[in-house]
Amino acid sequence: TIVNVGTVLIGTTIGILLKNGLPKRFEKTVMQGLGLTTCFIGIGGTLSEVLIIQDGEIGTQHTMLLILCLALGAVIGEALNIEQRLEDFGAFCQSHFAAKGDSRFVEGFVTASLLFCVGAMAIVGALNGDPTMLIAKAILDGVASILFAASLGKGVYLTIVPIFFYQGGITLMARFIRPWLTDVLIGQMSCVGSVLIFAISLN
């Protein structure tokens, strides 16, 4: 997780430097490219868990579970007003740390935070005790933070807070949580996370 925080800091700094040296017209193209990449990451992760091949025929699994999780997640998320709380935290930091006129600060924070924390790699990597997956995630997040920062600005710096507490918290609690999570359950969590990553790409 510490490595992950470091790569996001480095990537964001590179992205900010690129942003200052790129014409405004590049921002839209960069964001479209990042959206497409995020889209296919989400689709690939979802299909790898949902599609199965049995007796030479393609079938699906976990469909009802997926519907139930997304419906319950939506109700719980709205009840707790999670997105608004993220935006409020971003707006608070914007008022204290961002330069005037940085209108995309909150968008950069919220969008990048969701991408970096929603995926299954943060959960699986933190639980399995092998740092390899988290280091791979750190590299991916570092590259993505370059693109996010180049188009959305300094708000991406703030994503180190949810990464540190969310991913780090799972790592610290792994020894207590892991016995309750089977490989099947982790796979299903991965599937739901991938659908949410696809949803992020639509924004």
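With rounding to the nearest 0.5 angstrom, the CD1 atom of Ile160 is 8.5 Å from the OG1 atom of Thr12. Taking CD1 from Ile14 and CD1 from Ile146, the interatomic distance works out to 4.5 Å, rounded to the nearest 0.5 Å.
Members clustered with Ile76: Leu80, Ile82, by chain and number, using a 4.5 Å side-chain heavy-atom cutoff among hydrophobic residues. Apart from Leu68 itself, the hydrophobic cluster it occupies contains Leu72, where clustering links Ile, Leu, Val, Met, Phe, Trp and Tyr at side-chain heavy-atom distances under 4.5 Å. When hydrophobic residues (I, L, V, M, F, W, Y) are linked wherever their side-chain heavy atoms come within less than 4.5 Å, the members clustered with Met64 are Ile67.
Applying the side-chain contact (heavy atoms from CB on, under 4.5 Å) criterion to Val75, with sequence neighbours excluded, gives no partner residue. Shown here are the side chain to side chain donor-acceptor pair (under 3.5 Å) partners of Glu49, two or more places apart in sequence or in another chain: there are none. For Thr1, the side chain to side chain donor-acceptor pair (under 3.5 Å) partners at least two apart in sequence or on another chain are Gln167. In this structure Glu107 satisfies the salt bridge (charged side-chain N to carboxylate O under 4.0 Å, His left out) test together with Arg104, sequence neighbours excluded. Applying the side chain to side chain donor-acceptor pair (under 3.5 Å) test to Asp88 and every residue at least two apart in sequence or in another chain returns Gln84. The side-chain contact (heavy atoms from CB on, under 4.5 Å) test applied to Val110 returns Leu86, Glu87, Val106, Leu114, not counting sequence neighbours. Applying the side chain to side chain donor-acceptor pair (under 3.5 Å) rule to Thr37 yields no partners; only residues at least two apart in sequence or on another chain are considered. With sequence neighbours left out, the side-chain contact (heavy atoms from CB on, under 4.5 Å) criterion links Leu36 to no other residue. Residues meeting the ring-ring contact (aromatic ring centres under 6.0 Å, His included) test with Phe198, sequence neighbours left out: none.
For the pair Leu196/Leu70, a side-chain contact is recorded, criterion being any heavy-atom separation below 4.5 Å from C-beta on. Annotation: side chain of Phe116 is in contact with side chain of Ser145 (closest heavy-atom distance under 4.5 Å).
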Exercise for the section: List the steps, then state whether side chain to side chain contact (heavy atoms under 4.5 Å, CB included) holds for Thr60 with Ile52. Expected result: CA-CA 6 Å; Thr60 59; Ile52 54 172; 6.0 Å; no

Practice task
Carefully, step by step, assess Trp180 and Leu185 under the rule side chain to side chain contact (heavy atoms under 4.5 Å, CB included).
Solution key: CA-CA 9 Å; Trp180 299 91; Leu185 181 56; over 6 Å; no

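Counting all heavy atoms, side chain and backbone alike, Pro162 lies closest to Ser113 at CG-OG, 3.4 Å. Closest approach of Ala138 to Thr7, counting heavy atoms only: O-OG1, 2.7 Å. Nearest heavy atoms, Leu66 versus Cys191: CD1-SG, 4.1 Å.
Just one of Phe89, Tyr157, Phe148 meets the side-chain contact (heavy atoms from CB on, under 4.5 Å) condition when paired with Phe109; it is Phe89.
Heavy-atom neighbours of Ile58 CD1 from other residues, nucleotides or ligands within 6.0 Å: at or below the threshold of 12. In this structure, Ile2 places its CD1 atom where only 12 or fewer heavy-atom neighbours from other residues, nucleotides or ligands lie under 6.0 Å away.
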